[in-house]
Amino acid sequence: MTVYKIGRKKLKITLTDSEVISFFGTYRGLDSVNNEARLAVGLLLKKSLSEYDTELDGRLLVEIRARENAGCVITVSSAESSRRNLKGSTIMFEFADAAALIGGAVRLYKSRFFEGSSLYKMPHTYRLIVTARGERDFYFMNEFCLRKSDSDIEAAYTKEHGRLICEKNAVQRLGRAFI
């Protein structure tokens, strides 16, 4: 395995034929992108990108080009997020009940991807308004809640019509209390 830096935020990893067979078993595993192939690619990236972790952070775009009996080339570059969660952007999560709220707040507290948070009680739900730190995709929160909206108007509506439970550091308080 050889790792080349081909740009400021782009790397190329080359594997010989024997390395492809040892990592993936067959070339068909690369074409189907099954779970075993994803795990192998993840382990390859973890091993080969350890010294480039400051240059390639966040979401990665991985392109694999393989030719039978000729090895493969894996190109890795930094991917721009499809969502525009810029520094200081507002994200609102809606929880159906208190148990989901506690589970989600603890998970969010462990991630440390936020700057501030406020908790509001709506008539039938709880809403957590979070200020994101950098570009983040909070996919892991789907287990606990709905991502209500990223609009400042929706957040202002919640602040006006919801009952404030905790301002500025709701995730920290819930996370510390239930960890």
> Is it true that Met122 and Leu174 fall in one hydrophobic cluster, defined by side-chain heavy atoms closer than 4.5 Å?
Replying inline: no

>> I want to check something: taking the side chain as every heavy atom from C-beta on, are Ile165 and Tyr120 in contact at a cut-off of under 4.5 Å?
In response: no

>> Going by ring-ring contact (aromatic ring centres under 6.0 Å, His included), name the residues that satisfy it together with Phe178, two or more places apart in sequence or in a different chain.
In response: none

> Side chains of Cys145 and Glu94: closer than 4.5 Å at any heavy-atom pair?
Replying inline: no

>> Do Met92 and Leu128 have side chains that approach each other closer than 4.5 Å (heavy atoms only, starting at C-beta)?
In response: no

> Is a donor on one side and an acceptor on the other found under 3.5 Å between the side chain of Glu19 and the backbone of Thr16?
Replying inline: yes

>> Between Ser118 (side chain only) and Lys168 (backbone N and O only), is there a donor and an acceptor less than 3.5 Å apart?
In response: yes

> With sequence neighbours left out, what residues match Gln172 under side-chain contact (heavy atoms from CB on, under 4.5 Å)?
Replying inline: Tyr109, Phe114, Ser117, Asn169, Arg176

> Do you know which two heavy atoms are closest between Phe95 and Phe144, and how far apart they sit?
Replying inline: CD2-O, 3.7 Å

>> Please enumerate all residues that pass ring-ring contact (aromatic ring centres under 6.0 Å, His included) together with His124, with sequence neighbours excluded.
In response: none

> Taking C-beta and beyond as the side chain, do Arg163 and Tyr126 meet within less than 4.5 Å on heavy atoms?
Replying inline: no

> Pick one: which of Leu164, Ile129, Val130, Leu101 meets side chain to side chain contact (heavy atoms under 4.5 Å, CB included) with Leu119?
Replying inline: Leu101

> Between Lys159 and Glu154, does at least one N-O distance fall below 4.0 Å, as a salt bridge requires?
Replying inline: no

> Listed by chain and number, what are the side-chain contact (heavy atoms from CB on, under 4.5 Å) partners of Lys12, not counting sequence neighbours?
Replying inline: Tyr4, Ile6, Thr14, Val73

